[in-house]
Protein chains: 2
Amino acid sequence: MDGMTQDISPKDPRPYHHGDLHRAIVEAALDVLSESQSTEFSLRELARRAGVSHNAPYKHFADKRELLAAVSAVGFELLAKRMAEATKELDSPRERLAAMARAYVCGGVNNPALYRLMFGGYLGGQDDGRPAIERTAAYNMKALIVDAISDGALGRPIADVEANTRMFDGAILVFWSQMHGLTLLLADRLVGPSDKMEQLTEAVLQGMLDGLANCIPAIPSGVWVGPPLAE
Amino acid sequence: MDGMTQDISPKDPRPYHHGDLHRAIVEAALDVLSESQSTEFSLRELARRAGVSHNAPYKHFADKRELLAAVSAVGFELLAKRMAEATKELDSPRERLAAMARAYVCGGVNNPALYRLMFGGYLGGQDDGRPAIERTAAYNMKALIVDAISDGALGRPIADVEANTRMFDGAILVFWSQMHGLTLLLADRLVGPSDKMEQLTEAVLQGMLDGLANCIPAIPSGVWVGPPLAE
DNA sequence: TGCTAGAGTAGACAATGTCAACATACGCTC
DNA sequence: GAGCGTATGTTGACATTGTCTACTCTAGCA
């Protein structure tokens, strides 16, 4: 249970009995996923790569699903980090939104399988929630968007107060679904070529931001936008 | 090879030796996929459901991938049919676009696993193209959109001539990626609840169409929007 | 009537996810 | 430092799966 709360970053190395298997397995999974672009690798192959017996991973993950959840969580961390870095030194709130969009699309296109794992509904039925890190990363990303919007990314500043919640959610819904869709169409090669990714993102983005500046759609109450809350 | 070109519609029944196994298997796969919401069913279970030996499906599909491709193709046919029916008796081009969007989102939300199979990049690497029916259905859908836009769905009629190709592609890219993203966010429960699907679609759609009426983004040349051509 | 090719069956094999039983070594308590 | 519990890793087993090869049957054609 606590294995889920540890970071993948190389700080705080704590070599175990035969090394840090939890991290080794997750990293091997990330490697194989990125290489093969498929989640249909075997736990046994990860074990082989890590140089342990085929059952050792089961001391760290209840089943394959849980391992994939950990990989997904790493993906969210990476994405959140990249988005945060992309916006770090930008003053213009609109530029910050654009930079986030670029980072989002780029991340997805560069590793479609990871992106699909993260967002593709393989995990996260109503039975088992997503890992905590994952939700944290998602909330961080959402906060970045909210900041940019409240700073005036849509033409005028919008106070980040509860009365504006539905307006924020409407804007985020449009922004997110547009970028999500573009990312997946590019990643799955339904539009392309992907080396035009940046120009396409830019074109779609600017039109959308202008549209949002003009009119933010009113979304109904009782809607959630973001990782599902405990329900 | 010719097995791929047959329709799933119940016309032209041709009982074989032990029935029409090809169709029976595809229908069983569609059932299991819809019920379990997963592509990780076994060919053997389909064979069991169809009452044949575990190897009989291999007389009709080279491997599981090919079976899934056939299921995906059926999904495209169904979606294209639903979109065509939704727009059939609508005069307003803008209403036709909206109806298509509703049909698209609704189809995805009601059967996420099928939608993911169709669009999720599991099939269609550069090695093996998608089946012909699938591409036909996709082109039909695209034609519907082009018709609506040229009829004035974005405020003014736009001639469907080659000089306007990039404008059409830009508009379709925005429209499609927005709806694609919304569909997947809803299907994967990243926004919700899905019983508010129609209102959310409506809200996002109207804003987007207004935005497009105002300004259609210029997309770079050399971009394809739609199922990848033979490359 | 008899043959041939398509359609279905039977059996086999390696690989996989996962379970249970066993082994080992780290780190705590005394 | 000795002893021990528990986390960690190993071995073996089992049912299931995708897929191969070899077989049987039957429909339709000569």
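Below, chain A is the first sequence line, B the second, and so on; all start at residue 1.
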Inset, instruction - Could you check how far CZ of Phe61(A) sits from P of dT8(D), rounded to whole Å? - result: 12 Å
Legend entry - Value in whole Å for how far the P atom of dT18(C) lies from CG of Leu43(A): 7 Å
Inset, instruction - Please check the phosphate of dT19(D) (OP1 and OP2 only) for any side-chain N or O of Arg65(B) closer than 4.0 Å. - result: no
Inset, instruction - Please state how far atom CZ in Arg48(A) lies from atom P in dG17(C), giving the value in whole angstrom units. - result: 9 Å
Legend entry - Interatomic distance, Glu66(A) CD vs dT18(C) P [rounded to whole Å]: 11 Å
Legend entry - Presence of donor-acceptor pair under 3.5 Å, side chain of Lys64(B) and base of dG18(D): no
Inset, instruction - With the side chain counted from C-beta on, respond yes when Leu33(A) and Ser38(A) share a heavy-atom pair under 4.5 Å apart, and no when they do not. - result: no
Inset, instruction - Taking only Lys NZ, Arg NE, NH1 and NH2, and the carboxylate oxygens of Asp or Glu, determine whether Arg49(B) and Glu45(B) approach each other closer than 4.0 Å. - result: yes
Legend entry - Nearest-nucleotide pick for Tyr58(A), side chain only, options being dT19(D), dT9(C), dT18(C): dT18(C)
Legend entry - Atom pair distance, as rounded to whole Å: CD in Glu40(A) and P in dT19(D): 10 Å
Legend entry - Phosphate-side-chain proximity, His60(A) and dA7(D), N/O vs OP1/OP2 below 4.0 Å: no
Inset, instruction - Tell me whether the OP1 or OP2 atom of dA14(C) has a side-chain N or O from Arg44(A) closer than 4.0 Å. - result: no
Inset, instruction - Report the relative orientation of the aromatic rings in His60(A) and His22(A); use parallel for angles under 30°, tilted for 30 to 60°, perpendicular for over 60°. - result: perpendicular
Legend entry - No-H, no-angle donor-acceptor pair, Asn55(B) side chain to dG11(C) base, under 3.5 Å: yes
Legend entry - Whether over 12 other heavy atoms sit under 6.0 Å from Glu35(B) CD: yes
Legend entry - Non-hydrogen atoms of Leu46(B) and Val32(B) that approach each other most closely: CD2-CG2, 3.9 Å
Inset, instruction - Go through the N and O atoms of the side chain of His54(B) and the base of dG8(C), and report whether any donor-acceptor pair is under 3.5 Å. - result: no
Inset, instruction - Specify the separation, in whole Å, of atom CG of Leu46(A) and atom C1' of dA15(C). - result: 14 Å
Inset, instruction - Could you state the atom-to-atom distance from NZ of Lys59(A) to P of dG17(C) in whole Å? - result: 17 Å
